[in-house]
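Residue numbers begin at 1 in each chain, while the letters A, B, ... track the order of the sequences. Because the structure is predicted, anything quoted here is derived from the model rather than measured.
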Amino acid sequence: MSLELVEWVATWPSLLPYFDGSVPAGFPSPAEDYLETPLDLTEFLIENKAATFLMRVDGDSMKDAGILDGDLLVVDRAAAPNNGCIVVVAVNGEYTVKRIRRGPDCIWLDPANHLYQPIRVSIGEDLHVFGVVKHAIHTLR
Amino acid sequence: MTEVFGIIDCNNFYVSCERVFRPDLEGEPVIVLSNNDGCAVARSAEAKALGIKMGDPEFKIRDLIKRENVKVFSSNYALYGSLSGRVTDTLLSMVPTIETYSIDESFLNLGEFSEREVEPLARELRERVRRWVGIPTCLGIAPTKTLAKVANFIAKKRPQYRGVCDLRSSQVRAELLSTVPVDEVWGIGAASAAKLAKIGVQTAADLAALDPDNARALMTVTGGRTVYELRGISCLPLELMEPTRKGIAVTRSFGAPVTTWREMREAIASYATRAAEKMRRYKVAAENIFVFMHTNNFNNDPFYSNGASARFAETTNDTGEVVALAVRLGERLWRDGFRYSKTGIMITELLPETIRQPALWGDLDRERRERAWKAMDKLNATLGRDTVRILGAGPKNAAWKLRAEHRSPRWTTRWDELPRVRSN
């Protein structure tokens, strides 16, 4: 047996690929050619990094839409606030989360909880939509 | 291919950042204060209308702030940096080559687009930054950087341009340059403007008409270049590479005057720590270090100011070594009986850290220390600045530390400071 000293620089990717199964010594792994990048959750949650912001929910007015008190919202400012979307919108100088619904001469901001009333915004009134809610992340405690 | 430059500039950037998560601030007078809550460094249009000037010290306008209910913020650089990065990403989604010029300005290479595409693209870009990041901007277009800056100035001042001014046509330039005061031209400071006024040069058009040799004689080589640039001849290309770091300075005014050596030593140690951290981040090492301290020049305190420099035995970015030498220099400068307002550390000669021959055998201590500092950097990067610090740097909330009494939450970079959405 001879030893050879070589200079080497190891540069590891920040995430190491993982594949299941034992690697037999001395025999090349057949999986080696099929290594893939591991799944990154942000890829699923965030379509547009520059335009996506995280916000925290206070209250239960959207509970029937699956948005609970304390949930984390993934809000996309690049997405169009279409009819029926859940949006973060400024009401009286504060951001609130509601479902947007177009009426004949107004826009309704609907809660998803019968204890709350829809908010009516007349055409012409200033309606500032911060962004469209893409995901609500609910942590089970 | 003719060159076409764009410059996009965020309107009242710091104020606009504060407004992204605070819709109640829309239409209100808002100012952002400099480091240490000293003076106004950003003003909303409403604050400007109240007569608040750039650089007005906070204590001078305190009554006005109270009377007019001006909303006051300390600088929140974590937020501004994060939103600035998002603006850059948004620009890159439409324009492949840009030069980030400052935290709120970028030059764009628009030469790759067809002549007719440029203006609609500029408008779409502006709209996109507004929608995606929430920051209003203005955009100037021209065949040179200097003219693009002039165009941007016009776009900003005159609402009829709806945020975009295009100076590609020489007729339009002839019309508009005569309306721009010469001291608004990029690179023309107050001193140059005064010299130019003496020979009757008052507007950008006057300067463009000046003989370039005269301009050079008056304001060195940059003056001559400015004349060519104003005539539409590009002398300043886009700088796409980050300039190599020449030096590192960590200097700050104190939140409250420092009167004891113990506090001064803490301040020096903590600034030296930051300097070493920065060196490691940029993979450079110091040959030389300069330390200074002084009292307040502007009140009636007895004045004292002094500085000293020293060489390291071996170039280093080791926190322990940098702190030790900085503190030794500070000790030599310190005089009892003064009320110090500021201290600072400067490293003026930097070498790539790889130039230092790492001791292969024997000097194991150095290698272990390096690993320790790197571990500390990592902890501080993930858990927040100053989570782990050396003992000499003093407590986290020392009295001499910066004042930032009105800082808004770091909405985009801290889990526990995320914006709250009301759902009730």
Residue part contacting chain A, namely of B/Thr90, when any heavy atom lies under 4.5 Å: both
Inter-chain contacts: residues 82-92 of chain A against chain B, heavy atoms under 4.5 Å: A/Val88, A/Ala90
Heavy-atom check, side chain of A/Val75 versus side chain of B/Val421, under 4.5 Å: no
Residues of residues 16-26 of chain B near chain A, each having a heavy atom less than 4.5 Å away: B/Val20, B/Phe21, B/Arg22, B/Pro23, B/Asp24
Residues from residues 52-62 of chain A approaching chain B under 4.5 Å (heavy atoms): A/Thr52, A/Phe53, A/Leu54, A/Met55, A/Arg56, A/Val57, A/Asp58, A/Gly59, A/Asp60, A/Ser61, A/Met62
Separation of B/Arg130 CZ from A/Arg77 CZ (nearest 0.5 Å): 8.0 Å
B/Glu124 CD: over 12 foreign heavy atoms closer than 6.0 Å: yes
Proximity breakdown for A/Leu115 and chain B, heavy-atom pairs closer than 4.5 Å: neither
Segment of A/Asn48 engaging chain B (4.5 angstrom heavy-atom cut-off): side chain
A/Thr96 side chain to B/Arg422 backbone, donor-acceptor under 3.5 Å: yes
Contacting region of A/Lys49 [heavy-atom separation from chain B under 4.5 Å]: backbone
Pairwise distance OG(B/Ser423) to NZ(A/Lys63) - rounded to 0.5 angstrom: 11.0 Å
More than 12 heavy atoms from other groups under 6.0 Å of CD on A/Glu125: yes
Any residue of residues 71-89 of chain B which, by heavy atoms, sits under 4.5 Å from chain A: B/Leu83, B/Arg86, B/Asp89
Heavy-atom pair with the smallest gap, counting every atom of B/Trp132 and A/Ala78: NE1-CB, 3.2 Å
Nearest-0.5 Å distance that lies between atom CG in B/Asn424 and atom CG in A/Asp69: 8.5 Å
More than 12 heavy atoms from other groups under 6.0 Å of CZ on B/Arg162: no
